[in-house]
Engineer: 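The structure follows.
Note that the structure is predicted; figures quoted are calculated from it, not measured. Side chains included, hydrogens not; waters and symmetry mates left out as well; all remaining heavy atoms used. A note on names: the letters A, B, ... follow the listed sequences, proteins ahead of strands, and every chain is numbered from 1.
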Protein chains: 2
Amino acid sequence: MGLATIPALFLFSGQAKIPLAMLVVFVSAKLMAEVAERLGQPGIVGEILAGVLIGPSVLGWLAPNEFLGALSDLGAMFLLFRVGLEVKSSELLKVGGTATLVACSGVAVPFVMGTAILLAWRAPLNEAIFVGASMVATSVGITAQVLSSKGLLHEVSSKIILAAAVIDDVLGLLVLAVVSSLTHGKLDFFQLALTGAAATAFTIIVAKWGTHAMGRVVPHVDARLKAAEGRFVLAMSLLFTLALLAVYTGVAAIVGAFLAGLAMSESALPRERDLVQGVAELLVPFFLAGIGLHVDLSAFAHTGTAALAVVILAAAVLSKFIGCGLGALGLGKAEALRVGIGMIPRGEVGMVVAQIGLGFGILSRSSYGVVVFMSVATTMVAPPFIQAAYRRPATAAVAESEEEEVLRLG
Amino acid sequence: MGLATIPALFLFSGQAKIPLAMLVVFVSAKLMAEVAERLGQPGIVGEILAGVLIGPSVLGWLAPNEFLGALSDLGAMFLLFRVGLEVKSSELLKVGGTATLVACSGVAVPFVMGTAILLAWRAPLNEAIFVGASMVATSVGITAQVLSSKGLLHEVSSKIILAAAVIDDVLGLLVLAVVSSLTHGKLDFFQLALTGAAATAFTIIVAKWGTHAMGRVVPHVDARLKAAEGRFVLAMSLLFTLALLAVYTGVAAIVGAFLAGLAMSESALPRERDLVQGVAELLVPFFLAGIGLHVDLSAFAHTGTAALAVVILAAAVLSKFIGCGLGALGLGKAEALRVGIGMIPRGEVGMVVAQIGLGFGILSRSSYGVVVFMSVATTMVAPPFIQAAYRRPATAAVAESEEEEVLRLG
């Protein structure tokens with residue numbers, strides 16, 4: 001390139017990196033989403049697949065890096081914040097009992113099944129336990145995105161899924177704490193109780209009183225602000241504050257983001273919702289493609305590993321479906337089916353657990369690859385089933401909504 | 001911290017970095033903007049000052065890093081894209097003649113004055129020329145943000161400022177090319193002509209035919225897309241594509257972003273404008289505070305350097321005001337005053353030039369500090385004057401708009 005020899009081009013050459021990364025990730029995610037939609041699949045599957053395609057395993061255009069990782073984290077936070085904005089916390093608290101049941105049995109079954117399979121595969125006990133732990137936590141982002149894009153967040157089962165996924169995150173934290181302590185040979189019950197209490201207290205306090213607090217604070221502060229878009233500024237401040245507090249109390253940033261959305265859900269005007277939607281539209285593809293970017297198919301060169309990956313994937317799908325479905329059986333079969341399917345995606349949480357296991361030297365590289373594969377594959381397997389489960393009307397839900405309609409019309 | 005000893009907290013501890021940085025930058029920028037507004041100053045001054053405050057010079061909470069730099073770049077791109085959306089390219093092309101005059105004399109005067117001052121200060125010739133070159137390019141973002149937030153983008157002087165700033169960027173590229181070649185002892189006129197031609201051709205082609213092309217393509221593609229928010233997806237794709245092409249042809253990414261906005265300005269519906277506004281509201285504070293973050297007051301421990309900084313700042317303000325004002329004198333004094341003031345901010349472009357000079361070993365660390373100070377200080381000095389210049393009605397403009405009104409009413 002003759003042009004490249006001119007020093008003037010030094011001026012902005014460093015600037016190419018950002019628009020290039022934005023262009024490649026955003027456009028490929030949206031193109032693949034379009035392809036998926038045309039094949040009758042949820043667009044989200046295409047966006048994750050785009051990450052696999054442009055990532056190290058296939059085309060090798062991009063590898064996970066700090067900038068893309070940060071955009072992916074932000075994308076997940078805005079996705080959950082937006083979902084929180086659409087839901088009333090009072091309605092989530094109402095289904096709290098069922099959701100707790102769903103979360104607990106949805107944590108126990110995958111953990112036991114995963115550990116058992118690895119033991120049967122003759123892995124060391126510590127490794128088996130760690131793989132089991134990585135199969136525990138549901139990634140609420142994926143299901144929430146599918147439900148939200150199809151306008152299904154008002155369904156009873158959707159609320160149970162959201163509440164259960166939050167509880168699930170707290171339980172996942174405790175499971176990982178126990179497992180990490182066990183594999184290090186020391187278990188401090190006091191510390192463990194403290195961690196659990198902090199995470200639980202944070203979640204319950206914000207879910208219970210957040211909306212009320214914001215309902216009082218926001219109009220008051222907004223009226224005194226000179227700045228334009230004052231409510232949006234408040235919403236962003238709350239979002240980042242609660243995401244940070246969530247991390248400090250031990251739960252994921254996205255749980256804090258979801259709670260922030262809940263807290264703002266009755267104070268946000270359509271204007272703020274549109275502004276948040278803009279950020280989410282831009283950043284969510286980075287979250288989804290970012291999941292796909294982490295897949296490394298070269299880990300499966302060994303047929304034994306590939307076989308284990310398939311078995312673990314099947315176990316991850318089945319165990320979550322059975323565990324959560326059983327917990328929701330009180331609502332009727334159709335609703336239990338939806339809840340069971342909706343809780344299947346693992347996404348980024350399983351990958352974080354696997355990374356810790358790898359860092360501790362407990363997981364081998366191949367088990368790590370298996371867990372990452374399971375995490376990504378569950379996020380891609382679930383959406384078409386979620387879509388199908390909601391297309392076929394749940395008899396119980398239909399009866400219920402008809403009843404409501406009768407009440408309203410009457 | 002007892003909690004930190006629990007391995008479970010490893011799970012998300014890496015996640016604290018992103019929400020923490022978002023919270024600190026966003027909230028401090030918005031708080032300082034509020035303070036500035038209450039003091040009758042443009043909020044933008046407060047946002048830049050927030051960066052100085054939290055940066056290495058004062059509180060030391062944050063230093064410029066890759067993540068914040070990327071958000072700052074994106075913020076500048078969305079700021080210019082949003083401004084482009086509000087302007088019609090046909091109107092910019094109409095004032096092209098005056099704008100070219102403004103840009104040329106606004107480049108010549110600061111370059112000569114800056115070089116002369118450094119020579120009088122007994123700096124080596126190469127260093128003097130480089131400081132002169134760093135005083136050339138206007139940062140259109142700052143002025144555009146002030147004009148846009150006050151709803152003044154439709155004024156004739158605003159359009160001249162925008163068009164002149166774009167031309168200015170191309171001229172700045174050429175000046176830097178010449179200066180870099182000269183200081184390296186070789187000047188290749190052919191390469192220089194090629195660079196200039198590529199940058200000019202890119203800018204003119206997109207400005208002239210971009211709107212028409214998008215007007216044909218967007219509705220057509222939008223109608224065939226299955227995806228929700230199809231036009232927003234198209235707008236983002238165009239934004240990143242043109243930002244990247246701009247960098248490749250040698251102009252700044254933000255010039256490409258501005259041209260993308262222009263091209264979409266007649267195809268974007270209110271919905272897309274709101275979504276873009278959301279992203280801009282979130283990211284622009286990172287651009288503004290990011291400018292402030294680069295200030296390093298420790299460079300001025302030496303009184304000689306501090307004195308030079310003050311002299312260069314005064315020269316930067318005066319030379320641009322005089323140079324651009326003279327170029328716009330044909331429109332009457334009041335409009336020339338607005339154009340002269342509106343072109344004062346240097347912002348990030350001057351800093352990039354200074355960084356290159358530092359990298360070449362031509363600028364000393366203290367001259368580098370002086371240029372950075374000049375860049376940041378001009379962005380903070382200009383906004384109050386811009387606000388004042390537009391508050392006092394320009395007699396010519398008033399006469400003109402009254403005429404228009406008469407025509408409309410008649």
Engineer: Could you tell me the separation between the CG atom of B/L283 and the CG atom of A/L283, rounded to the nearest 0.5 Å?
Structural biologist: 7.5 Å

Engineer: Could you go step by step and tell me if A/F240 and B/V25 meet the side-chain contact (heavy atoms from CB on, under 4.5 Å) rule?
Structural biologist: CA-CA 11 Å; A/F240 300 131; B/V25 177; over 6 Å; no

Engineer: Work out which heavy atom in A/A16 is nearest to a heavy atom in B/L244; give both atom names and the distance.
Structural biologist: O-CD1, 3.6 Å

Engineer: What is the distance from atom CD1 of B/I18 to atom OG of A/S72, rounded to the nearest 0.5 Å?
Structural biologist: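 Separation between the atoms: 9.5 Å.
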
Engineer: Any non-hydrogen side-chain atom of A/K17 less than 4.5 Å from a side-chain atom of B/E66?
Structural biologist: yes

Engineer: Could you check whether any side-chain heavy atom of B/L239 comes within less than 4.5 Å of a side-chain heavy atom of A/F26, counting everything from C-beta outward?
Structural biologist: no

Engineer: Would you mind checking which part of B/Q277 comes under 4.5 Å of any heavy atom in chain A, side chain (CB onward), backbone (N, CA, C, O), both or neither?
Structural biologist: both

Engineer: Between B/E37 and chain A, which part of the residue has a heavy atom less than 4.5 Å away: side chain, backbone, both or neither?
Structural biologist: both

Engineer: Below 4.5 Å, heavy atoms only, C-beta onward: do A/L282 and B/F78 meet side chain to side chain?
Structural biologist: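 Result yes, sub-4.5 Å side-chain heavy-atom pair found.
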
Engineer: Flag the pair A/V279 / B/E281 as yes when at least one side-chain heavy-atom distance between them is below 4.5 Å, and no otherwise.
Structural biologist: no

Engineer: Under 4.5 Å from any heavy atom of chain A, what part of B/A70 do you find: side chain, backbone, both or neither?
Structural biologist: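 Both backbone and side chain.
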
Engineer: With respect to chain B, which residue among A/L242, A/V27, A/T241 yields the maximal number of heavy-atom pairs within a distance under 4.5 Å?
Structural biologist: A/T241

Engineer: Could you have a look at A/L225, A/L71, A/V24 and say which one has the most heavy-atom pairs with chain B under 4.5 angstrom?
Structural biologist: A/L225

Engineer: Run the salt bridge (Lys or Arg N to Asp or Glu O under 4.0 Å) check on A/E229 and B/K30 step by step: do they pass?
Structural biologist: CA-CA 11 Å; A/E229 316 283 11; B/K30 287 301 174 184; over 6 Å; no

Engineer: Just wondering, do B/M22 and A/M77 contact through their side chains at under 4.5 Å, heavy atoms?
Structural biologist: no

Engineer: Given that the side chain runs from C-beta out, which part of B/V233 has a heavy atom under 4.5 Å from chain A: side chain, backbone, both or neither?
Structural biologist: both

